[in-house]
K.L.:
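Before I ask anything, let me first share the structure, which is written out below as C-alpha cells.
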Amino acid sequence: MEGVAEWTYLLWQEQKFKLTILQSTANEFEKIFTKIMRAANGDSFHVSRAGGPKGDLKCDGWDSATKTLYSVYAPSSAKTKREVRTKIAGDLRGARKRWPEMRRWRFVHNDFFGLSAEVTRELENLRSDPSNANLEVLSDWDPEDLWRIVRNLSYVDRLELLGGPPVEIVVDKPQWEGLSLRYHDGANPAGIRAAMASLSQLCNNFRHDSVLDPICASAMARAITSWWLEDKDAVRGESLLLEYLEFLVDRCDSLPCESQITSLAFLMRTIEICARKIKVTPEVLADSQVRADADLPEDLKVIIQIAREEMTGGSQGFWVEDSLIRRKFVSACGRAIIHLIGMTSTGTQYPAIFLIQDLIISMQRVDVKGGRL
C-alpha cells in the first residue's frame, strides 16, 4: 500500500496469526486452516464439514485441482507419540478407503515445535507401505508452514483473515495531548486537554469485528480530529488532516467498498449529531447546506445530498466505480464533516472537539438495522 511499509503489516499480522493459533480450539484451528486454503487456492479448495453418522469421511479439506486431501489435527491437550501415530495412520487409511480418487495426502497440525522423530518415522512408513503406492504422502504442515502461505496472500486476503495494526502504528505521528486547537480559545483548557487525551485513545478502539473496517474508521477519525490541530508540516505547511486522508484514500484501491462505506457513514452520523445540537432534524440541516444560495462548494453539496438520500431511504444504494472519483468522494466526505462540525460549534458552548468525541464514540457503536447503518 502506497506510503505504508508492507513489513509493518506483515510483522503485526504474523504476531496476530501466532497468537490466534495458540489460543484456538481444535474446531477453531480447522476453521482457520480452511479459510487460509480457500483464500490461497480459490474454488478448487472445498471445505469438508462433519455431519451425520459418517462424520467428515476423514477429510478436513479437499483440493479438486491437485486431488489432495488434508487431515487436520489440533488436540486440545498434549497427546502421546503413540496416539499421534495412531491418528495419522487411521486418518490415511480411512481417507484412502473413502476417497479413491485421492492422489496426495497431507497431515496438518498445530504444533509450533514440529512433529517428533517417532511421528515423522510413521509418516515415512506410510510412504513405504505398498498399499499407498499410487498415493503421495506429503510432508506435514505446522503453523509456520501455514504462515508462509498467509504471508504470500494478497493484502486484502490477509486483512480479511487477520485484520491490521492500529493506524498510528503505520502512520508515525506524535500523540495529540500537548497540541493546541483551532477556534477553541473560549473553551476550558483543562476540558480540551482531557478531550484530546480521550480522542487519542478513542481513535484506536475500532474493533476488527465491528461493522466498519477498523483501519478505515480510525484513519477517518484521526483525519477529522487532526484538522483542528494547529500543527503543520514544517516543509509543506500542511495539516495532519492530509496525512490521514491520504492514508484513507490509499485504501480506496485495496478496500474500495470499506473506505467508501466508512466515509459516508461518518458523514451521515455527523449530520445527525450536528442537527441534534442545533435542535433541527437531520433533513432540515442537510437541506440548508445543499440550497442554491448556500455558501458551500458544489462538490460538498453533492456529497451532503447523497448522505441525505441514504439517511432517508431515498437512495437505491450508492457505489463509485471509478478509482479517482472514489478518492475524491472520500476526501469530500472528510471536508464536509469538518464544515458541518465547524458550523455547528461556532458561537456555541459546545466546542468542536466535543462534537468530534461524540461522533467517534457513536461510530464505534454503529450497528446494522434492516440492512442499513
Side-chain angles (χ1 to χ4, degrees), residues 14 17-18 20-21 24-76 79-154 156-158 160-162:
E14 181 176 9
F17 174 79
K18 290 180 177 179
T20 300
I21 296 299
S24 63
T25 64
N27 288 337
E28 289 168 345
F29 178 73
E30 187 173 326
K31 288 180 181 177
I32 294 167
F33 167 75
T34 55
K35 286 181 179 179
I36 292 171
M37 297 304 291
R38 175 59 65 86
N41 297 339
D43 291 339
S44 71
F45 184 82
H46 305 274
V47 178
S48 179
R49 180 176 62 85
K54 295 184 178 180
D56 61 8
L57 302 181
K58 300 299 181 182
C59 173
D60 297 313
W62 171 257
D63 191 323
S64 59
T66 61
K67 298 294 187 289
T68 303
L69 186 143
Y70 296 89
S71 177
V72 179
Y73 187 50
S76 56
K79 300 296 182 182
T80 66
K81 296 168 185 174
R82 182 175 182 177
E83 287 176 316
V84 178
R85 284 171 18 222
T86 301
K87 164 70 175 175
I88 292 175
D91 278 0
L92 178 54
R93 187 168 52 250
R96 196 176 61 237
K97 177 181 178 181
R98 294 174 173 87
W99 298 82
E101 63 271 72
M102 177 177 62
R103 292 294 173 265
R104 307 170 85 203
W105 182 86
R106 191 185 297 275
F107 184 69
V108 183
H109 59 90
N110 65 342
D111 192 335
F112 277 95
F113 300 101
L115 297 176
S116 67
E118 291 90 340
V119 176
T120 302
R121 177 70 256 176
E122 179 63 27
L123 282 173
E124 189 57 39
N125 291 339
L126 293 173
R127 293 188 186 96
S128 304
D129 189 332
S131 64
N132 296 325
N134 295 324
L135 176 66
E136 184 179 3
V137 178
L138 302 170
S139 61
D140 65 286
W141 273 354
D142 61 17
E144 292 292 345
D145 294 301
L146 295 180
W147 167 247
R148 280 190 281 272
I149 297 173
V150 172
R151 70 168 291 132
N152 288 316
L153 295 176
S154 70
V156 174
D157 284 334
R158 282 190 282 111
E160 178 70 23
L161 283 168
L162 298 167

K.L.:
When you compare the side chain of Ile21 with that of Phe112, does any pair of heavy atoms fall below 4.5 Å?
P.N.:
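Touching, per the 4.5 Å side-chain cut-off.
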K.L.:
Taking the side chain as C-beta and beyond, is there a heavy-atom pair between Leu146 and Phe17 under 4.5 Å?
P.N.:
yes
K.L.:
Can you spot which of Trp105, Trp99, Trp141 makes a ring pair (Phe, Tyr, Trp, His ring centres under 6.0 Å) with Tyr70?
P.N.:
Trp141
K.L.:
Can you tell whether the side chains of Glu83 and Lys87 come within less than 4.0 Å, N to carboxylate O?
P.N.:
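No, no charged N to carboxylate O under 4.0 Å.
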K.L.:
Check for a donor-acceptor pair, side chain of Arg104 on one end and backbone N or O of Glu136 on the other, with a separation under 3.5 Å.
P.N.:
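Absent.
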K.L.:
Can you check whether Cys59 reaches Arg98 side chain to side chain, under 4.5 Å on heavy atoms?
P.N.:
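Cys59 vs Arg98: side chains apart.
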K.L.:
Could you go through Ser131 and Asp129, starting from their C-alpha distance and side-chain angles, then the distance that decides it, and tell me whether this counts as side-chain hydrogen bond (donor to acceptor under 3.5 Å, both in side chains)?
P.N.:
CA-CA 5 Å; Ser131 64; Asp129 189 332; 2.9 Å; yes
K.L.:
Find out whether Ile88 and Asp140 are in side-chain contact, i.e. whether some heavy atom of one side chain is under 4.5 Å from a heavy atom of the other.
P.N.:
no
K.L.:
Measure across Lys81 and Ser116 and return the closest heavy-atom pair with its distance rounded to 0.1 Å.
P.N.:
CG-OG, 3.8 Å
K.L.:
Who passes salt bridge (charged side-chain N to carboxylate O under 4.0 Å, His left out) against Asp142, sequence neighbours left out?
P.N.:
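Asp142: no salt bridge (charged side-chain N to carboxylate O under 4.0 Å, His left out) contacts found.
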K.L.:
How would you list, by chain and number, every residue that makes a side-chain hydrogen bond (donor to acceptor under 3.5 Å, both in side chains) with Glu144, sequence neighbours excluded?
P.N.:
none
K.L.:
Do you see a donor-acceptor pair shorter than 3.5 Å between the side chains of Asp157 and Ser154?
P.N.:
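Present: a donor and an acceptor within the cut-off.
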